[in-house]
Amino acid sequence: MYNTAHLNSQHHVNMLITLNGKEKSLNENTTLIHLIEELGIADKRIAVEINHEIIPKSKYANYAVRDGDTIEIVHAIGGG
Amino acid sequence: MNNDPLIIADKTYHSRLLTGSGKYKDLDETRAATEASGAEIVTVAIRRTNIGQNPDEPNLLDVLTPEKYTILPNTAGCYTAEDAVRTCRLARELLDGHKLVKLEVLGDEKTLFPDVTATLEAAEILVKDGFDIMVYTNDDPIIAKRLEDIGCVAVMPLAAPIGSGLGIRNPYNILTIIENASVPILVDAGVGTASDAAIAMELGCDGILMNTAIAAAKDPVLMASAMKKAVQAGREAFLAGRMPRKRYASASSPIDGTFF
């Protein structure tokens with residue numbers, strides 16, 4: 001018998017995204033809300049763009065992040 | 001002066017001083033200076049969140065809340081119409097459908113002068129997309145009018161380069177822009193100290209947007225207070241109508257009744 005749990009865990013780390021200009025690996029089947037929670041910014045005022053398309057907040061929970069996605073997460077900072 | 005409101009995109013404001021939120025030492029200073037300025041409209045920049053850094057770091061919008069201030073997201077740092085439009089759309093999502101934005105499309109890093117053709121292009125796209133645009137431009141009366149015709153809700157000519165503090169370099173152009181306009185005209189950029197603000201307001205500007213003049217003062221909170229008074233004083237002087245300039249003296253005490 002071989003260890004299927006081991007194969008499964010390998011299987012789950014197989015997406016590579018670009019998040020705010022940096023590469024990041026993600027588990028398969030990650031939704032946008034999972035990603036935002038993992039980053040610890042779920043309660044912040046942010047806006048999200050995936051592959052140049054704005055994703056409304058109402059769609060975070062059901063939006064499945066895909067391999068190769070380019071994601072930008074922005075917020076407001078001081079400026080003139 | 002409660003009967004002299006500033007109206008932008010159908011919303012009424014009692015302060016004619018708009019402030020930026022950049023270049024402060026920390027968020028405490030940002031809050032204190034903004035409060036001292038009396039500003040009701042505060043501009044902010046849109047940037048990437050700091051992924052992986054301290055998640056408990058205070059957020060600007062926790063200090064300058066959209067409940068208390070009209071937040072004016074800006075497109076500072078954009079050098080193309082495309083980047084400016086993209087930034088405005090992200091800002092609208094960030095602020096739950098908020099339509100008021102400050103459009104600036106820059107042409108050159110040394111001067112930060114606007115790229116006027118790209119600004120016109122971005123303004124056309126954003127107006128069609130339903131935004132209320134306060135637009136940074138140069139002090140060209142022809143372009144200012146064209147931006148108004150496109151549908152911008154306020155036109156904001158520079159008085160001098162952004163962050164330069166050089167004051168009102170071309171008051172006659174600013175005056176021409178004001179005389180031509182049927183939307184509010186605000187000086188955006190160039191004010192260095194309180195007298196500059198008063199001069200702009202005495203010309204008849206509807207308001208002033210400033211950042212560095214306050215944030216880069218030795219005491220930003222005190223300068224914010226000075227700017228509040230200068231904008232009010234300049235506005236009152238404009239409404240009062242200044243005396244004509246005369247080359248020679250005109251005695252203030254009567255000649256009649258002298259006994260010497």
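So that the names make sense, note that chain A is the first sequence line, chain B the second, and so on, each numbered from 1. Note that this is a predicted model, so its numbers are computed, not measured.
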Salt bridge check, A:Glu49 against B:Arg89: does any charged N sit closer than 4.0 Å to a carboxylate O? no
Taking everything shown except A:Asp43 itself, do over 12 heavy atoms lie less than 6.0 Å from its CG? yes
Donor-acceptor contact present, side-chain A:Asn20 to main-chain B:Asn50, <3.5 Å: no
With side chain to side chain contact (heavy atoms under 4.5 Å, CB included) as the criterion, how do A:His75 and B:Asn59 come out once you've worked through the C-alpha distance, each side chain's angles and the decisive distance to 0.1 Å? CA-CA 9 Å; A:His75 66 161; B:Asn59 187 302; 4.1 Å; yes
Atom of A:Gly78, atom of B:Ala45 and distance for their closest heavy-atom approach: O-CB, 4.1 Å
Counting only non-hydrogen atoms closer than 4.5 Å, does A:Lys57 touch chain B with its backbone (N, CA, C, O), its side chain (CB onward), both, or neither? both
Looking only at B:Leu94, B:Asn74, B:Leu60, the option with the highest number of non-hydrogen pairs under 4.5 Å against chain A is B:Leu94
From A:Ile54 CD1 over to B:Arg92 CZ, what is the distance, rounded to the nearest 0.5 angstrom? 7.0 Å
Salt-bridge contact B:Asp62-A:Arg45 (side-chain N to carboxylate O under 4.0 Å): no
Exactly one candidate in B:Leu90, B:Thr49, B:Thr87 meets side-chain contact (heavy atoms from CB on, under 4.5 Å) with A:Val74; the answer is B:Leu90
Compare every heavy atom of B:Glu93 with every heavy atom of A:Ala47, then report the nearest pair and how far apart it is. CB-CG, 3.8 Å
What part of A:Ile77 gets closer than 4.5 Å to chain B, counting heavy atoms only: side chain, backbone, both or neither? both
When every non-hydrogen atom of B:Asn211 is compared with those of A:Gly80, the smallest separation belongs to OD1-CA, 3.1 Å
Part of B:Thr30 within contact of chain A (heavy atom distance under 4.5 Å): neither
Is it the side chain or the backbone of A:Leu19 that comes within 4.5 Å of chain B heavy atoms, both, or neither? side chain
So CD1 of A:Ile46 and CG of B:Leu61: to nearest 0.5 Å the spacing works out to 12.5 Å
State the CD-CZ distance between A:Glu72 and B:Arg47, to the nearest 0.5 angstrom. 12.0 Å
Residue, of B:Leu27, B:Val42, B:Thr19, B:Thr43, that accumulates the most heavy atom pairs under 4.5 Å with chain A: B:Thr43
